[in-house]
Amino acid sequence: MSIRVILVDDHPMVIEGLSNTLNAADNITVTACYSSASALMAGLKMAVPDLLLLDMQLPDRPGNEVAAEVRRAYPTLSILVLSSWSSVVLVKEMMELGCRGYLLKNTATKSVLVEAIEKIHLTGKTFIDPELQESLLSGLVGAGQSGAPLTPMLSKREKEILKLVVADLSNQEIATKLYLSIRTVENHKYNLFQKLGVKSPAGLANAAIQLGLLP
């Protein structure tokens with residue numbers, strides 16, 4: 001019997017590419033595709049597949065909230081995250097929420113994607129992108145040895161936005177200043193929250209100073 005998979009991503013070209021790739025596999029069938037969290041939750045009320053391939057950046061809700069709700073409502077549904085974010089903190093959070101795997105969009109090949117789905121569904125084991133395994137292990141070992149928090153790697157853009165958030169600028173003000181869309185700013189801020197393990201701008205400022213990311 002084919003492994004029934006549903007896709008959630010707000011980029012039509014990504015959905016099309018993933019659908020073609022997975023439907024070409026011998027034992028995988030894409031049964032539905034959604035572009036938002038609300039559409040996903042409505043679709044799950046009609047039919048629950050074997051595995052959900054979840055994007056972290058949806059237009060209406062962040063991926064961690066979606067994963068948490070899906071796990072509560074459909075505990076037997078396996079979740080495989082497909083994300084462009086490589087934050088160790090984020091990977092840990094999603095796995096702690098009950099996701100069965102985490103893949104990176106820019107490195108996940110067809111063979112790796114199919115392997116991850118098959119391993120999760122057929123064996124019940126988890127699957128972490130090979131590109132993330134070393135950094136995830138290093139993070140666990142480093143934290144265990146020193147007891148100190150790991151200093152996350154921030155991109156140049158994340159550092160720019162971090163300084164402006166700490167300066168108490170609004171999303172609109174940051175977007176205007178950096179010539180970005182508000183959604184892009186929101187995505188960067190969410191990524192910063194995940195990397196620094198905080199939930200508010202105040203916590204962001206404190207963590208950034210403690211980790212030496214700001215003077």
Side-chain angles (χ1 to χ4, degrees), residues 1-88 90-138 140 187 194:
M1 179 180 291
S2 291
I3 304 171
R4 297 165 301 158
V5 176
I6 55 175
L7 312 178
V8 187
D9 195 295
D10 63 336
H11 293 87
M13 292 183 65
V14 173
I15 285 288
E16 182 179 1
L18 289 172
S19 296
N20 292 338
T21 295
L22 295 179
N23 282 324
D26 294 333
N27 61 340
I28 297 175
T29 300
V30 176
T31 59
C33 300
Y34 304 104
S35 60
S36 67
S38 58
L40 166 66
M41 299 312 298
L44 287 175
K45 291 180 180 179
M46 305 298 294
V48 181
D50 299 309
L51 185 141
L52 162 62
L53 192 58
L54 175 66
D55 179 31
M56 285 298 301
Q57 297 172 271
L58 297 176
D60 50 350
R61 293 177 66 188
N64 60 339
E65 289 186 7
V66 177
E69 181 175 354
V70 169
R71 290 291 299 157
R72 286 194 299 269
Y74 308 97
T76 62
L77 174 56
S78 298
I79 301 175
L80 173 58
V81 178
L82 185 61
S83 173
S84 58
W85 294 340
S86 59
S87 164
V88 171
L90 182 56
V91 177
K92 291 180 182 177
E93 178 189 9
M94 297 306 290
M95 300 305 286
E96 288 172 356
L97 285 172
C99 295
R100 305 301 299 163
Y102 196 107
L103 295 178
L104 295 176
K105 285 185 176 181
N106 61 332
T107 61
T109 63
K110 174 184 177 180
S111 60
V112 169
L113 181 58
V114 171
E115 179 187 358
I117 292 173
E118 291 178 341
K119 181 177 180 179
I120 290 170
H121 180 70
L122 299 177
T123 71
K125 296 181 179 179
T126 59
F127 191 99
I128 302 295
D129 194 299
E131 293 290 327
L132 287 170
Q133 290 177 5
E134 183 176 350
S135 58
L136 189 61
L137 180 60
S138 297
L140 291 172
N187 286 339
Q194 300 307 312

What heavy-atom pair brings L97 and A67 nearest, and what distance separates the two atoms? CD1-CB, 4.4 Å

In terms of heavy-atom contacts, L54 and L58 come closest through CD1-CD1, 4.1 Å

Closest non-hydrogen atom pair, L52 against L77: N-CD1, 3.9 Å

Residue that, paired with I28, satisfies side-chain contact (heavy atoms from CB on, under 4.5 Å) out of V114, N23, T21, L113: V114

Minimum heavy-atom separation for V81 and M56, please, with both atom names. CG1-CG, 3.6 Å

With rounding to the nearest 0.5 Å, note down the distance linking CD in E115 to CZ in F127. 4.0 Å

Give the minimum heavy-atom separation between S35 and D10, together with the two atoms involved. O-CB, 3.4 Å

Minimum heavy-atom distance A37-V66, with the two atoms named: CB-CG2, 3.6 Å

OG1 (T126) and NZ (K119) are apart, to the nearest 0.5 Å, by 6.0 Å

Give a yes or no on whether the backbone of V8 and the side-chain of D55 come within a donor-acceptor separation of less than 3.5 Å. no

Between V91 and D129, is there a side-chain heavy-atom distance shorter than 4.5 Å? no

S19 versus L7: any side-chain heavy-atom pair under 4.5 Å? yes

Answer whether the closest heavy-atom distance between the side chains of R100 and L51 falls below 4.5 Å. no

If you round to the nearest 0.5 Å, how far is OG of S83 from CG of N106? 9.5 Å

Kindly say whether S38 contributes a backbone atom to a donor-acceptor pair with the side chain of D60 at under 3.5 angstrom? yes

Passing option when L103 is tested against T109, L80, I117 for side-chain contact (heavy atoms from CB on, under 4.5 Å): L80

Please tell me if the side chains of D50 and S78 come closer than 4.5 Å, counting only heavy atoms from C-beta onward. no

With no hydrogens and no angle check, is any side-chain donor or acceptor of N27 less than 3.5 Å from a backbone partner on I3? no

With rounding to the nearest 0.5 angstrom, report the CE to OG1 distance, M1 to T29. 10.5 Å

Nearest-0.5 Å distance, CZ of residue R71 to SG of residue C99: 8.0 Å

With side chains defined as the heavy atoms from C-beta onward, is the minimum distance between Y74 and E69 less than 4.5 Å? no

Side chain to side chain contact (heavy atoms under 4.5 Å, CB included) evaluation trace for I6 with L44: CA-CA 10 Å; I6 55 175; L44 287 175; 3.7 Å; yes

Treating D9 as the side-chain partner and V14 as the backbone partner, does any N or O pair qualify as donor plus acceptor under 3.5 Å? no

